[in-house]
Amino acid sequence: MCGGRWCAMSLGWPRFCTRHFSPVASKVTLNTMSDTSLTPRVRFAPSPTGYLHVGGARTALFNWLFARHFGGTFILRIEDTDFERSSEEMVEGILEGMRWIGLNWDEGPFYQSKRLDLYRQTAEKLIASGHAYYCFCTKAELEQRRAEATAAGRPPMYDRRCRRVTQQDAAARKAAGEACAVRFAVPEESTTSFDDAVFGKVEFANSEIEDFVLLRSDGIPTYHLSVVADDIDMRLTHIIRGADHISNTPKQVLQYRALGAALPVFAHVPLILGPDKTRLSKRHGATSVMAYKDMGIVPEAFRNFLALLGWTPGPAHKDRELFSSEELVQLFSLEGISKSNAVFDNDKLAWFNTEYIRSYPAEKLLPLIEEEWNKAGFTPERQREETLATIDLVKPRARNLKDFASAFRAYFSDTFEYDPAAIAKFLKDETVRALLIELGARYAASPEFTEGSTEQILRSFAEEKGIKAGVLINGARVALTGQAVAPSLFAVMVNLGKERVVKRLSTI
RNA sequence: GGCGCCAUGGUGUAAUUGGUUAACACGCCGCCCUCUCAAGGCGGAGAGUUCGGGUUCGAUCCCCGAUGGCGCUACCA
């Protein structure tokens, strides 16, 4: 016999196995961890059934901030026990999103699909102590009973009939090859409660909790079992997760008690809603974190914005919204988490983004911009120093990183498009075009080329021609940049240099 | 339906935890600046704190109820 262990590798779980059990391999403890019992251990545990979405990202961020604040450990765990819907590609997408926001983890990623022994052992323990039992009801039977119950106006909870199956009968039926799941035996009396760090005391009547499935008939654990087994095994001290898990929590509390494990601190964070106040989903537009990268959002801006969604650093900092990563880490606390759901406001995110872009020195912006340039298949035709100076010149007008590859293209390359609307607004008049060509000749003939000289030349030229300087300025702006919007014209001229200015004025 | 949670301008939040003309930011509107657009400066509209009852000398804050929203209600996570 294999020491009384159930083996997952053999067909038709559960079945004893002598081949696959080894005390070492099945002991899924994290022996690489040092004992950090005094510092918090938290985790982000996404299910790889989709990309990292903003709600998950914020949950991850809060966990990360909490861990960093206390010098604790941030663990990444992939909850991939739903083989149907999980995929490796999605895992990669999630990791990519985490990296983009700058959330580094200390342990993991751990995959639940590789820790099945732990869950089976835990289930076994629960059965041995009488806290769980085998259930031979089939899915079809359950569905039918549920439908009947609903039709009859009764709560569609499992009727606990397999709780009455004797241990001998259960063993016999299993031996005969009958498939069975493992259910937790929820006490029928009393209540189960926990003290949530955000919501306070939350209490549920046990009569409202059904005998939930721990292990499916194929031997794969359900979420209810795997979270608890892992959270205990990984010695998590705080569980910071979405408020959609509040109703699941009593099921977990019951297991902690049955297993004799200490309860972690639960902190449920409110959900993120769309503008219509329903749970944020694809209907509201981008929900994938990486979509925001693609929109030209700076990661720090995104992180800052997310941090303030459902959390506040408190009254001492109510006059500020811009916080560096270090400040967020220093200021973060569970007490600041709000209880009510928050609406994701794109306008506010856009504001954060412009603030960050504006505040970044060109050197810091450059790599981010280069990424956009690469995507656009574009290479700037200017020297590095010129490029940096140009970034500083135009960045106050940037809405996002993509602007540097589109609207601001004329500053970095001689091949750029003229915005038709800009032409229509300031360059539709042929006489203005003619004057600009003439103006270009004046510049060509002038040895000096500074903000002062270029302005003086233009203004006196305008006066000479009896035309308002503004008309030429606006026209020249379009001719030089292709846009109706730009920094001060003469600063642009000096930035581009005499040669380009003359050429662009004369070829418009 | 049952159970749970939540509720301050359009949005995110604050209000020394019962005593303020209910504050800040985003957004919006206007003015100034001006070569455009941002930025910036100045000013403005917008909540009497979901509603109704209590408790109290006094409620955004405490209690009860209602309403609304959200969540859970799977051999998903």
Side-chain angles (χ1 to χ4, degrees), chain A residues 45-49 79-82 84-86 112 135 137-139 142-143 146 150 153-158 179-183 196 198-200 202-205 207-210 212-218 220-224 226-227 242-250 268 270-271 273 275 277-279 305 308-322 336 338-352 354 358 396-399 422 425-426 455 458-459 468-478 481 483-490 492:
Chain A
S47 174
T49 54
E79 308 219 323
D80 56 351
T81 53
D82 183 350
E84 307 276 299
R85 299 193 304 155
S86 301
Q112 291 193 321
C135 173
C137 301
T138 67
K139 208 165 177 177
L142 293 170
E143 263 163 39
R146 203 176 356 255
T150 312
R154 295 194 312 272
M157 283 172 57
Y158 176 60
C180 66
V182 174
R183 284 183 187 270
D196 192 281
V198 174
F199 290 94
V202 184
E203 189 173 36
F204 293 82
S207 59
E208 297 292 336
I209 307 169
E210 75 172 346
F212 52 96
V213 172
L214 295 170
L215 221 45
R216 301 183 267 212
S217 49
D218 59 3
I220 306 301
T222 64
Y223 164 75
H224 298 301
S226 56
V227 246
D244 49 341
H245 284 293
I246 287 181
S247 303
N248 289 326
T249 309
H268 288 94
L271 303 179
L273 273 23
K277 303 211 173 187
T278 61
R279 212 228 262 250
F305 167 72
L308 262 24
L309 216 50
W311 174 76
T312 170
H317 302 88
K318 80 175 185 88
D319 292 345
R320 279 182 64 201
E321 304 255 339
L322 264 6
S338 160
K339 291 185 192 180
S340 49
N341 295 341
V343 173
F344 188 95
D345 182 2
N346 272 302
D347 284 338
K348 187 104 182 210
L349 172 59
W351 175 76
F352 274 108
T354 57
R358 244 197 290 278
R397 285 163 178 77
R399 309 259 329 140
K425 191 174 177 189
F426 294 126
E455 175 158 15
L458 183 142
R459 288 195 187 277
K468 287 170 78 175
V471 174
L472 288 180
I473 288 172
N474 289 332
R477 171 176 299 106
V478 179
T481 70
Q483 302 288 316
V485 174
S488 169
L489 179 70
F490 305 105
V492 170

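As the structure is a computational prediction, the values presented were derived from the model and not from experiment. In what follows, chains carry the letters A, B, and so on, assigned in the order in which the sequence lines appear, proteins first and then strands, with residues in each chain numbered from 1.
- If you check every strand for non-hydrogen atoms under 4.0 Å, A:P396 touches sugar and phosphate atoms only.
- A salt bridge between A:E143 and A:K139 is absent, with no side-chain N of the basic residue lying under 4.0 Å from a carboxylate O of the acidic one.
- Across all strands shown, B:A66 forms a Watson-Crick or G-U wobble pair with B:U50, both key distances being under 3.5 Å.
- Using a 4.0 Å heavy-atom cutoff across all strands shown, A:A342 reaches sugar-phosphate atoms only and no base atom.
- Taking atom C1' on both B:C72 and B:C63, the two are 28 Å apart, rounded to the nearest angstrom.
- If you check every strand for non-hydrogen atoms under 4.0 Å, A:Q483 touches nothing.
- On the P atoms, B:A23 is 14 Å away from B:G48, given to the nearest whole Å.
- A:R358 places a side-chain N or O within 3.5 Å of a backbone atom of A:P396 that can act as its donor or acceptor partner.
- Base pairing of B:U21 is not made with any nucleotide, judged by Watson-Crick or G-U wobble geometry with both donor-acceptor distances under 3.5 Å.
- Atoms CZ (A:R154) and C1' (B:C3) sit 18 Å apart, rounded to a whole Å.
- Residue A:P487 is classed as a base contact, given a heavy-atom separation below 4.0 Å to a base.
- When the C1' atom is used for both B:A15 and B:C61, the distance is 10 Å, rounded to whole Å.
- Remark on RNA chain B: of its neighbouring residues A:A486 and A:G153, the 5'-side contact belongs to A:G153, judged by nearest-heavy-atom nucleotide.
- Here, B:C31 and B:A38 have their P atoms 13 Å apart, quoted to the whole Å.
- Residue A:T138 is in base contact, counting any heavy-atom pair closer than 4.0 Å across all strands shown.
- On a pure distance criterion of 3.5 Å, a polar donor-acceptor pair joins the side chain of A:E321 and the base of B:G12.
- Distance OH (A:Y223) to P (B:C72): 11 Å, rounded to an integer number of Å.
- Rounded to whole Å, atom P of B:U11 lies 15 Å from atom CG of A:N346.
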Query - Nucleotide-resolved protein contact map, nucleotides 26-34 of chain B, B/S/- at heavy-atom distance under 4.0 Å - result: S--------

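- Closest to the side chain of A:S340, from the set B:C5, B:A14, B:C6, is B:C6.
- The closest side-chain heavy-atom distance from A:E321 to A:K348 is below 4.5 Å.
- Distance CZ (A:F305) to C1' (B:U13): 13 Å, rounded to an integer number of Å.
- One finds the CG atom of A:L271 at 11.0 Å from the OG1 atom of A:T278 (value rounded to the nearest 0.5 Å).
- For B:G48, the O4'-C1' to base torsion is within 90° of 0; the nucleotide is therefore syn.
- Distance CD/A:Q112 to OG/A:S47: 8.5 Å, rounded to 0.5 Å.
- Among the heavy atoms of the strands, none lies under 4.0 Å from A:P250.
- Counting non-hydrogen atoms under 4.0 angstrom, A:C137 reaches a base of the nucleic acid.
- Closest to the side chain of A:D319, from the set B:C24, B:A38, B:A77, is B:C24.
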Report task. Carefully, step by step, assess A:W351 and A:R399 under the rule side-chain contact (heavy atoms from CB on, under 4.5 Å). Result -> CA-CA 8 Å; A:W351 175 76; A:R399 309 259 329 140; over 6 Å; no

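- Straight-line distance between the C1' atoms of B:A66 and B:C76: roughly 35 Å, to the nearest whole Å.
- Straight-line distance between the P atoms of B:G1 and B:U13: roughly 28 Å, to the nearest whole Å.
- The backbone N or O of A:H268 sits less than 3.5 Å from a side-chain atom of A:D196, completing a donor-acceptor pair.
- Nearer the 5' end of RNA chain B, as judged by each residue's closest nucleotide, is the contact made by A:G470, out of A:G470 and A:N248.
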Query raised in the report: How far apart are the C-alpha atoms of A:Y223 and A:T81, what are their side-chain angles, what is the distance that settles it, and do they pass the side-chain contact (heavy atoms from CB on, under 4.5 Å) test?
Result: CA-CA 7 Å; A:Y223 164 75; A:T81 53; 5.6 Å; no

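- Nucleotide B:C72 forms a Watson-Crick or G-U wobble pair with B:G2, both donor-acceptor distances falling under 3.5 Å.
- Atom-to-atom, CD of A:E143 to C1' of B:A74 comes out at 9 Å; the value is rounded to the nearest Å.
- Comparing B:C6, B:C5, B:A14 by their closest approach to the side chain of A:V202 singles out B:C5.
- Applying the 4.0 Å criterion to OP1 and OP2 of B:G12, one finds that A:R320 has every side-chain N and O outside that range.
- We find that CG of A:L309 is positioned 10 Å from C1' of B:U13, with the value rounded to whole Å.
- Of the candidates B:C75, B:U36, B:A14, B:C75 carries the atom nearest the A:R146 side chain, counting heavy atoms from C-beta on.
- One C1' atom belongs to B:A22, the other to B:U8, and the distance between them is 8 Å to the nearest Å.
- Remark: A:R183 is not positioned above the aromatic ring of A:F212, lacking an NZ or CZ atom under 6.0 angstrom from the ring centre and at most 45 degrees off the axis.
- Between A:L142 atom CG and B:U73 atom P there is a gap of 15 Å when expressed in whole angstrom units.
- Using a 4.5 Å heavy-atom threshold, the side chains of A:V213 and A:Y158 count as separate.
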Atom pairs, N/O to N/O, protein against nucleotides 59-66 of chain B, distance under 3.5 Å?
none

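- Nucleotides B:C37 and B:C32, compared at atom P, are 13 Å apart to the nearest Å.
- Residue contacts shown for A:G310 are limited to sugar-phosphate atoms, with no base heavy atom under 4.0 Å away.
- At a threshold of 4.0 angstrom between heavy atoms, the contacts of A:E79 are confined to the sugar-phosphate backbone, with no base atom among them.
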Query raised in the report: Could you walk me through whether A:L472 and A:F426 pass the side-chain contact (heavy atoms from CB on, under 4.5 Å) check?
Result: CA-CA 9 Å; A:L472 288 180; A:F426 294 126; over 6 Å; no

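- Look at CG on A:D218: it is 8 Å from C1' on B:C75, rounded to the nearest Å.
- Using a 4.5 Å heavy-atom cutoff, the side chains of A:V202 and A:T249 are not in contact.
- Comparing B:G4, B:C37, B:A23 against the side chain of A:K318 picks out B:A23 as the nearest.
- Across every strand in view, B:A59 sits unpaired, with no contact that passes the Watson-Crick or G-U test at under 3.5 angstrom.
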Find every protein N or O atom lying less than 3.5 Å from an N or O atom of nucleotides 67-71 of chain B, and list the pairs.
{"from": "B:C70", "atom 1": "O2'", "to": "A:N341", "atom 2": "ND2", "distance (Å)": "3.2"}
{"from": "B:G71", "atom 1": "O2'", "to": "A:D244", "atom 2": "O", "distance (Å)": "3.4"}
{"from": "B:G71", "atom 1": "N2", "to": "A:S247", "atom 2": "OG", "distance (Å)": "3.4"}

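- Side-chain contact between A:T222 and A:L215: absent, with no pair of heavy atoms (C-beta onward) separated by less than 4.5 Å.
- Atom CD of A:E203 is surrounded by more than 12 heavy atoms from other residues, nucleotides or ligands within 6.0 Å.
- A salt bridge between A:R279 and A:D244 is present, with a side-chain N of the basic residue lying under 4.0 Å from a carboxylate O of the acidic one.
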Query raised in the report: What's the verdict on side-chain contact (heavy atoms from CB on, under 4.5 Å) for A:F352 and A:L308, showing C-alpha distance, side-chain angles and the deciding distance?
Result: CA-CA 11 Å; A:F352 274 108; A:L308 262 24; 3.9 Å; yes

